[in-house]
There are 2 protein chains.
Amino acid sequence: MWIMRQGAAPGNDRELRPKQQASAREILDAAATAFSERGYAATSIDDVADVLGCTKGRIYYYYRTKGDLFIGIHLQALEWALEAIGPAAERADLEPAEKLRAMVHQHALHLMNRSSYMGPAQYQIEMNLASEGRSKEAQMTKILEMRRQFEDYYVTVVKEGVAAKVFREADLNLLVKAVLGAVNWMHAWFRPDEPKDSPTERERIAAEIAEFAVRGVLA
Amino acid sequence: MWIMRQGAAPGNDRELRPKQQASAREILDAAATAFSERGYAATSIDDVADVLGCTKGRIYYYYRTKGDLFIGIHLQALEWALEAIGPAAERADLEPAEKLRAMVHQHALHLMNRSSYMGPAQYQIEMNLASEGRSKEAQMTKILEMRRQFEDYYVTVVKEGVAAKVFREADLNLLVKAVLGAVNWMHAWFRPDEPKDSPTERERIAAEIAEFAVRGVLA
DNA sequence: GTCTATAAACGGATAGAC
DNA sequence: GTCTATCCGTTTATAGAC
């Protein structure tokens, strides 16, 4: 992405710098909020600054370009997403159906709990960073690799289920795309600030989506 | 949207004007292609002109603003979408499960056959037309109404299935969102120009997605 | 570190030639 | 009808004050 300036004054190395850390994260949070509300291309750096109640000088101190904000949000969203479904995906004690259910459930919760990060992360990065040329190829590769790893978790569990004859025999990748669609489409309709919204409501939604997905692949 | 200039010269009313008609449609097609590739906000009018191999003067002759192109694409996409699932939705001779299967099948085919129009039509219109102020409220209302009608087709069939005890009793709207997600998410992974792509392959994909969706709601 | 001011480029839209 | 030239607001990004 680009390395955050650390202000490495001599003799200052061991000093705590909580403010700087906080600011970089606050900026990423603000960018995620702004991007999720208006879309990446339609959001200006001034819009992000407005969310923070500051001016863009602050943002450019921590992030060199707008594209870096986008990449930072993607990387964070995917890191969290892998953390969300990884533990369930790697449990050896679960039958394929229950493992898939747990993965979709955690995936859905993650989407709701981090909607500002996950919304922007759904965009096609190639599309949005086309103007950046080849300058961010390394990070884009990293993002695509994380996406592939995330999808592989699903491919693996569905493959297990088909092998065990508990999931029906069908185009493996297509089944996974259908499952992913049922979950990822939440970004189009879930609104975190609705009056009905609450932790228990989110659990209910996650459980229903998981039930739908599991039944969709069951033999 | 805005009315296409008709060049209503006196005594010229009955004359065929195939060229003008073709141009307005060609421009909408080009805009759909460009928007579907780069996103609405990131696409300039010059980009659209490039697709046509002309300059933007031609585009502005037929469409007053960029937002009008966006709205025109939405209206066309939704008109086709309603035509795609309407006949199946209104068939009285089908059981809920088979009706839902037919609807999803046609919906999926439509998404693939008109992917350049359907991709842009997935965007949140409020988000993308926010800058247009109140000037396009009538058309935005029309679009939202068509979307509601489209979703209502699904709500109705799922309600029928639940009443007939062939679909499981669950949050009706959530079931519909899950079904819509499985289908609509296709825009994220389906590529019309892939080597494997063909009419029979599209039929196969549509059938698989429909199977997944029907099983997801079955009791 | 954060702000203000500004450079430089881009993009939507219009005017007018042809 | 389509093109060229251009206006003008917006936006990314930088320079330099504090």
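Both backbone and side-chain heavy atoms feed into the values below; hydrogens, waters and symmetry mates do not. Per chain, numbering begins at 1; letters A, B, ... match sequence-line order.
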Distance below 4.0 Å between Y61(B) side-chain N/O and dG1(D) OP1 or OP2: yes
Rounded to the Å, how far apart are Y60(B) OH and dG11(C) P? 12 Å
Just to confirm, is there a sub-4.0 Å distance from OP1 or OP2 of dT2(C) to any side-chain nitrogen or oxygen of Y62(A)? yes
In whole Å, I'd like the distance from the CD1 atom of I45(B) to the P atom of dC8(D). 20 Å
Using a heavy-atom cut-off of 4.0 Å across all strands, would you classify T43(A) as base, sugar-phosphate, or nothing? sugar-phosphate
L129(B) CG - dG12(C) C1' separation (whole Å): 15 Å
Separation of R64(B) atom CZ from dG1(D) atom P, in whole Å? 19 Å
Taking the six-membered ring for Trp and the single ring otherwise, decide whether the centroids of Y63(A) and F70(A) are under 6.0 Å apart. no
Rounded to whole Å, CD1 of I59(B) lies from P of dT2(D) at a distance of 11 Å
Which residues pass the side chain to side chain contact (heavy atoms under 4.5 Å, CB included) test with S44(A), sequence neighbours left out? D46(A), D47(A)
Residues pairing under salt bridge (charged side-chain N to carboxylate O under 4.0 Å, His left out) where one sits in residues 171-186 of chain A, two or more places apart or in two chains, turn out to be E151(A)-K177(A), D171(A)-R204(B)
List in numerical order all residues of residues 49-57 of chain A for which some heavy atom is under 4.0 Å away from an atom belonging to DNA chain D. K56(A)
Restricting to side chain to side chain contact (heavy atoms under 4.5 Å, CB included), what partner residues turn up for T141(B), sequence neighbours left out? none
Could you list the donor-acceptor pairs under 3.5 angstrom formed between side-chain atoms of residues 102-109 of chain B and any protein atom two or more places apart in sequence or on another chain?
{"from": "H105(B)", "atom 1": "NE2", "to": "E203(B)", "atom 2": "OE1", "distance (Å)": "2.8"}
{"from": "H107(B)", "atom 1": "ND1", "to": "Y154(B)", "atom 2": "OH", "distance (Å)": "2.8"}
{"from": "H107(B)", "atom 1": "NE2", "to": "N184(B)", "atom 2": "OD1", "distance (Å)": "3.2"}

Minimum-distance nucleotide (side-chain atoms of S44(B) versus dT2(C), dG12(C), dT12(D)): dG12(C)
Rounded to the nearest Å, what distance is computed from the CD atom of residue E26(B) to the P atom of nucleotide dG1(D)? 14 Å
Can you pull out every salt bridge (charged side-chain N to carboxylate O under 4.0 Å, His left out) where at least one residue sits in residues 181-197 of chain A? Sequence neighbours excluded, please. D197(A)-R202(A)
For R58(A) and dG16(D), what is the distance between atoms CZ and C1' respectively, to the nearest whole Å? 19 Å
What is the distance from atom NZ of K66(A) to atom OG of S131(A), rounded to the nearest 0.5 Å? 8.5 Å
Rounded to whole Å, the CD-P distance (E132(B) to dA13(C)) equals 7 Å
With respect to the side chain of K66(A), which nucleotide from dT12(D), dC3(C), dG12(C) is positioned closest? dT12(D)
